[in-house]
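The structure presented is a predicted model; accordingly, all values stated were derived computationally and were not measured.
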Amino acid sequence: MRPAKLRAMTLLGLMLPLATSALARDDGRYANSPLKPWFESLRSEYGQCCSDADGYVVADVDWESDRGHYRVHLDEEWVVVPDGAVVTEPNRIGRTMVWKHYIDGHPRVRCFMPGSMT
């Protein structure tokens with residue numbers, strides 16, 4: 001392998017973890033969290049948020065609101081949040097979160113919980 005290609009692949013491998021979204025996944029770390037039952041109870045019109053999808057914290061620059069409708073930047077795409085996907089329960093963590101799934105290789109929103117934009 002040529003040295004330039006090897007360096008490029010090494011750099012890409014080192015940078016990849018920095019480019020991934022923060023997960024709100026329960027891998028056992030949150031078993032004793034007082035918010036665990038609340039997260040498990042979150043629902044949209046599409047069902048329970050945490051049942052089939054992992055929640056991701058969304059940075060303020062990666063979502064927007066226009067007259068009560070939302071868009072969120074997922075996997076290099078701006079995705080319209082269906083009205084039925086918006087979680088209407090008060091946000092106890094204050095951070096914007098999205099639970100996504102994929103259709104035809106494109107991200108879709110199962111649940112979206114707007115944050116306080118701080």
Side-chain angles (χ1 to χ4, degrees):
M1 195 177 278
R2 294 191 324 212
K5 187 174 183 180
L6 182 60
R7 280 192 295 256
M9 289 177 58
T10 302
L11 183 59
L12 178 63
L14 292 171
M15 292 180 65
L16 188 60
L18 299 174
T20 58
S21 298
L23 291 173
R25 180 181 206 155
D26 185 2
D27 58 5
R29 289 182 284 179
Y30 307 111
N32 296 319
S33 169
L35 290 179
K36 183 176 175 34
W38 174 74
F39 270 110
E40 290 177 345
S41 73
L42 293 176
R43 302 183 60 79
S44 74
E45 289 181 11
Y46 300 108
Q48 287 184 293
C49 298
C50 292
S51 64
D52 296 323
D54 294 327
Y56 294 83
V57 173
V58 180
D60 289 343
V61 297
D62 288 328
W63 71 281
E64 58 190 25
S65 173
D66 182 29
R67 293 177 294 217
H69 300 283
Y70 300 97
R71 286 189 335 148
V72 63
H73 195 239
L74 299 171
D75 302 340
E76 307 302 321
E77 295 183 41
W78 279 99
V79 179
V80 173
V81 175
D83 291 340
V86 177
V87 175
T88 57
E89 185 168 327
N91 185 336
R92 290 187 183 179
I93 61 167
R95 305 281 311 270
T96 302
M97 292 194 65
V98 65
W99 288 261
K100 64 182 179 178
H101 63 278
Y102 293 87
I103 298 175
D104 296 327
H106 296 280
R108 299 292 182 253
V109 177
R110 178 183 180 91
C111 296
F112 178 78
M113 186 170 49
S116 57
M117 293 190 85
T118 58

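In this view, R71 and E64 satisfy the side-chain hydrogen bond (donor to acceptor under 3.5 Å, both in side chains) rule, not counting sequence neighbours. Every residue two or more places apart in sequence or in another chain was checked for a salt bridge (charged side-chain N to carboxylate O under 4.0 Å, His left out) with R95, and none qualifies. Residues that satisfy the side-chain contact (heavy atoms from CB on, under 4.5 Å) test with L35, not counting sequence neighbours, are S33, W38, F39, R92, I93. When the side-chain contact (heavy atoms from CB on, under 4.5 Å) test is applied to V86, the partners found at least two apart in sequence or on another chain are Y70, V81, P114. Residues passing the side-chain contact (heavy atoms from CB on, under 4.5 Å) test with H73 are D62, E76, W78, sequence neighbours excluded.
Residues P37 and P34 approach most closely at CD-O, 3.6 Å, considering heavy atoms. In terms of heavy atoms, R110 sits closest to H101 at CB-ND1, 3.7 Å.
For residues 83-115, the disulfide (SG to SG under 2.5 Å) pairs, not counting sequence neighbours, are C49-C111.
Looking only at distances, no side-chain donor or acceptor of T96 sits under 3.5 Å from a matching main-chain atom of W63. Remark: side-chain polar atoms of D66 are not paired, donor with acceptor, to backbone N or O of H69 under 3.5 angstrom.
Rounding to the nearest 0.5 Å places NZ of K100 at 3.5 Å from CG of D75. Atom CG in L74 sits 7.5 Å away from atom OH in Y102 (nearest 0.5 Å). Rounding to the nearest 0.5 Å places CE of M113 at 4.0 Å from CG of N91.
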